[in-house]
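Proteins come first, then strands; the chains are lettered A, B, ... in the order of their sequence lines, and each starts at number 1. Note that the structure is a prediction, hence the values are computed from the model and not measured. Values reported hereafter were calculated over all heavy atoms of this structure, with side chains retained and with hydrogens, waters and symmetry mates removed.
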Amino acid sequence: MATTDTRIMLMLVGPPGSGKSTICNKIIPNAARPWTRICQDVISKGHRGTRVQCLKQAASAVSKGSSILIDRCNIDVDQRRDFLELAKERGIQAHALVLNFPSSVCIQRATQRTEHEGGLLGPDVGRVVNHVYRSRQLPILGEGFSRITYCRTDAEVEKAVTLYLQLHTEDHLPFGIFGSTVYEGKGTLQFLATAARDDEREVGVRTQQVQRTSAQESQASPGIKPGGSSIANKSQDLAVEKEEKSTLGILFDSDSCEGKTTLAFPSISTSDFQFDHEKAADIIVKAAIQFFQDKDHAGLRLIFVDLSPNSDMLARVRRNLVKEGLNPQQLLTHAGDITKLRSSGGLACNMITNAANWRLKPGGGGVNAAIYKAAGHDLEQATKQYASTLNPGSAVVVPLPLSSPLRKVEGVTHVIHVLGPNMNPQRPNCLAGDYVQGCQILRATYASLFNAFSATVKGQASLPLGFASQERAGDIVAQESNKFKNGGGVRGGASSIRPRLANAFTILMNAAKQKGTGELDTMPKRKRPDEKELNEIHSEITRTAGTSDASNTHGTRKWDAWAQALRAIVLHPEQHASIVLQVTDEAVVISDQYPKAQKHLLVIARRDGLDSIEDVCIEHLPVLQHLHSLGETWATSLLKEDPSLVFRLGYHWVPSMQQLHMHVISQDLDSPVLKNKKHWNSFTTDFFRDSQDILAEVENCGRVKPCSPEVEDRLLKMELRCHRCHTAQPNMPRLKSHLRSCKTPLKDLPQQPHLINKRKSLGAATSSSGCR
DNA sequence: GTTCTAGAAC
DNA sequence: GTTCTAGAAC
């Protein structure tokens with residue numbers, strides 16, 4: 001989230017010997033923004049001073065417009081509290097850089113060093129380090145930090161230093177927990193550290209190249225190299241620096257990216273198909289410009305991805321971006337693995353593009369092999385349902401099954417296969433240097449790709465999503481442009497595309513909608529409702545739900561003040577530090593204020609107007625997936641604390657409070673604040689909708705069947721039944737008494753340690769699989 | 001969502 | 001008389 005003030009308090013957290021001063025010396029002289037080091041060891045005329053002196057100097061530096069580096073151990077909550085309060089008072093962001101090395105490494109470094117400003121060195125210093133180490137409390141967001149970075153290795157420290165070095169005055173970094181950590185402590189801190197480790201998947205550390213370097217080195221030489229840089233050589237350093245800079249536009253402007261649905265795509269045809277790079281770069285940028293001329297596409301984002309930071313195509317596309325004046329927030333460039341954009345690159349992409357072969361088969365090399373490998377067998381199976389072959393210039397959209405690792409880990413909902421022109425004489429259908437036709441096909445390829453993306457976002461995903469043609473796109477354009485010149489296009493989505501391409505796209509879409517034609521032979525065989533069917537389904541839903549009042553389902557519901565509490569939290573998570581566990585661009589995780597079980601968290605969506613599952617549309621699938629992923633991560637962490645727990649993730653069909661929120665709740669349902677029948681039934685009947693079922697329902701039906709007031713009333717007033725043995729209980733006290741002695745195992749639950757989530761709930765009111 | 005409380009149920 | 005529920009108020 002943006003703040004108007006981008007000054008930062010960066011608090012180093014680590015025992016003696018963790019290298020805090022070295023970090024300051026690297027950042028301060030060379031940084032892109034002014035930094036002031038606050039060092040307690042020298043603050044009193046070169047000698048050790050007090051915390052109050054540090055606070056005073058810190059306040060003075062902030063007043064002069066400087067960001068501040070707090071160079072003290074800051075080892076526990078007490079040591080950090082005053083500085084965090086100062087940051088809060090001054091309205092500046094508080095970051096922590098946690099030097100999470102093993103104590104042995106810190107002791108070795110501290111005892112071997114020959115200089116230290118505070119005189120803390122020599123053979124006896126080990127005892128000090130151990131003492132400090134034992135008392136450490138890892139920082140959490142709840143203390144008031146907006147960003148925490150964990151470093152376990154020198155390479156990770158270097159990466160963080162590089163990031164802060166390049167941080168210009170006007171830049172700001174995303175909120176959240178970054179980096180990885182291993183913590184050997186016990187209790188809550190261990191749990192939080194584990195959560196932070198899992199967060200790494202969620203929000204990522206931002207530089208693919210740096211991570212790769214780090215990973216390679218750790219493989220080559222396990223363990224820590226005291227005092228030594230892990231960056232292999234200068235040229236790699238420069239490559240890293242170059243790449244870090246290239247991503248700053250993305251990373252430091254999260255607000256402008258917030259809520260944007262994103263398509264990542266590689267360069268098509270320039271590798272194995274040997275298409276001329278300059279021509280290809282020109283086509284990519286111009287295709288993007290045309291795409292964004294359509295105002296409907298303002299909420300979309302494209303990311304051009306190439307594996308190597310030294311990629312010639314990346315450089316050419318960036319150069320053309322500048323030359324053509326395209327807004328860099330619309331077409332971003334990124335060096336990294338397209339299959340690991342979220343986990344390794346920190347870039348959540350809804351859809352990714354595969355440079356496919358004409359048989360749509362795995363294998364080969366490059367992007368095609370990588371995507372099929374990352375997506376697992378699921379992608380191959382799903383693709384077969386949509387097309388068997390692909391011609392140059394065409395695209396085919398394949399929704400990724402929920403089971404695909406690419407979806408579960410990276411949050412990718414669709415893979416769009418495209419095939420570009422071939423200029424390689426050793427590959428089939430070589431155009432033998434005919435760049436007139438080659439450029440035409442490559443333009444058609446990108447136009448098909450971008451429009452398939454747009455159409456999918458606009459809800460066409462519920463339609464068969466084949467964009468594969470039987471002819472080359474150029475041929476179709478030539479043959480069919482007159483025939484379809486009055487075609488309506490796709491909900492205006494292609495209105496600003498050049499007429500020839502718009503017609504080609506319209507042809508493809510119409511082909512996709514037509515049943516029983518030759519075109520459909522390559523269309524999806526999987527039954528999905530078309531638009532008319534979808535409308536009928538929604539009408540039926542409204543009828544059967546007995547509600548003619550659209551305000552119940554479309555965000556015009558009035559919320560009382562008490563019901564707006566969750567919204568206040570997502571708008572200002574920093575003001576609710578005591579309960580906030582994690583903040584991402586799309587969600588806030590909190591401890592439920594009135595836990596109805598031993599463990600009860602809420603994962604709250606941050607989007608405006610998304611208040612209940614009945615507000616969810618197909619385009620919100622990535623949000624639901626993100627909430628589910630966060631919930632699973634936290635449930636997994638909680639299970640590590642207590643493996644006897646069983647968790648469910650789900651939503652109340654009709655929520656009491658504004659802002660879509662998912663419950664992560666342990667199935668003991670043992671809580672003094674679970675007091676009445678409504679409480680009980682809201683978690684044990686079909687009023688509680690499992691997250692997995694909601695994901696499936698939205699994917700299959702486009703939205704969630706509303707809950708009529710009659711059904712809501714019936715479910716919440718059902719007789720009380722034990723959720724284990726299903727025996728009826730006369731009242732809450734008797735039920736609670738029964739629960740203390742009931743030993744019946746929970747039924748229909750998957751084996752531990754996996755969570756949850758599918759159980760047969762009481763009082764079945766609906767089929768979760770069908771669209772009604 | 002919780003708290004309070006009148007009145008039903010026991 | 002005590003326990004429990006359900007609706008109003010916030």
message: Using OP1 and OP2 only, check whether a side-chain N or O of A:His679 sits under 4.0 Å from B:dG1.
response: no

Could you state the [atom1]-[atom2] distance from [X] to [N], rounded to the nearest angstrom?
{"X": "A:Trp562", "N": "C:dC10", "atom1": "CH2", "atom2": "P", "result": "14 Å"}
{"X": "A:Gln593", "N": "B:dG1", "atom1": "CD", "atom2": "C1'", "result": "10 Å"}
{"X": "A:Leu720", "N": "C:dA6", "atom1": "CG", "atom2": "C1'", "result": "13 Å"}
{"X": "A:Lys675", "N": "C:dA6", "atom1": "NZ", "atom2": "P", "result": "16 Å"}
{"X": "A:Lys717", "N": "C:dA6", "atom1": "NZ", "atom2": "C1'", "result": "8 Å"}
{"X": "A:Arg734", "N": "B:dA9", "atom1": "CZ", "atom2": "P", "result": "18 Å"}
{"X": "A:Asn676", "N": "C:dA8", "atom1": "CG", "atom2": "C1'", "result": "14 Å"}
{"X": "A:Asp560", "N": "C:dG7", "atom1": "CG", "atom2": "P", "result": "17 Å"}

task: Look at the rings of A:His652 and A:His663 and say which category their plane angle falls in: under 30° parallel, 30 to 60° tilted, over 60° perpendicular.
output: tilted

query: Under a 4.0 Å N-O cut-off, is there an ion pair linking A:Asp690 with A:Arg648?
result: yes

message: Can you tell whether the side chains of A:Glu719 and A:Arg721 come within less than 4.0 Å, N to carboxylate O?
response: yes

- prompt: Taking it one step at a time, do A:Ser682 and A:Phe688 satisfy side-chain contact (heavy atoms from CB on, under 4.5 Å)?
  reply: CA-CA 6 Å; A:Ser682 73; A:Phe688 189 77; over 6 Å; no

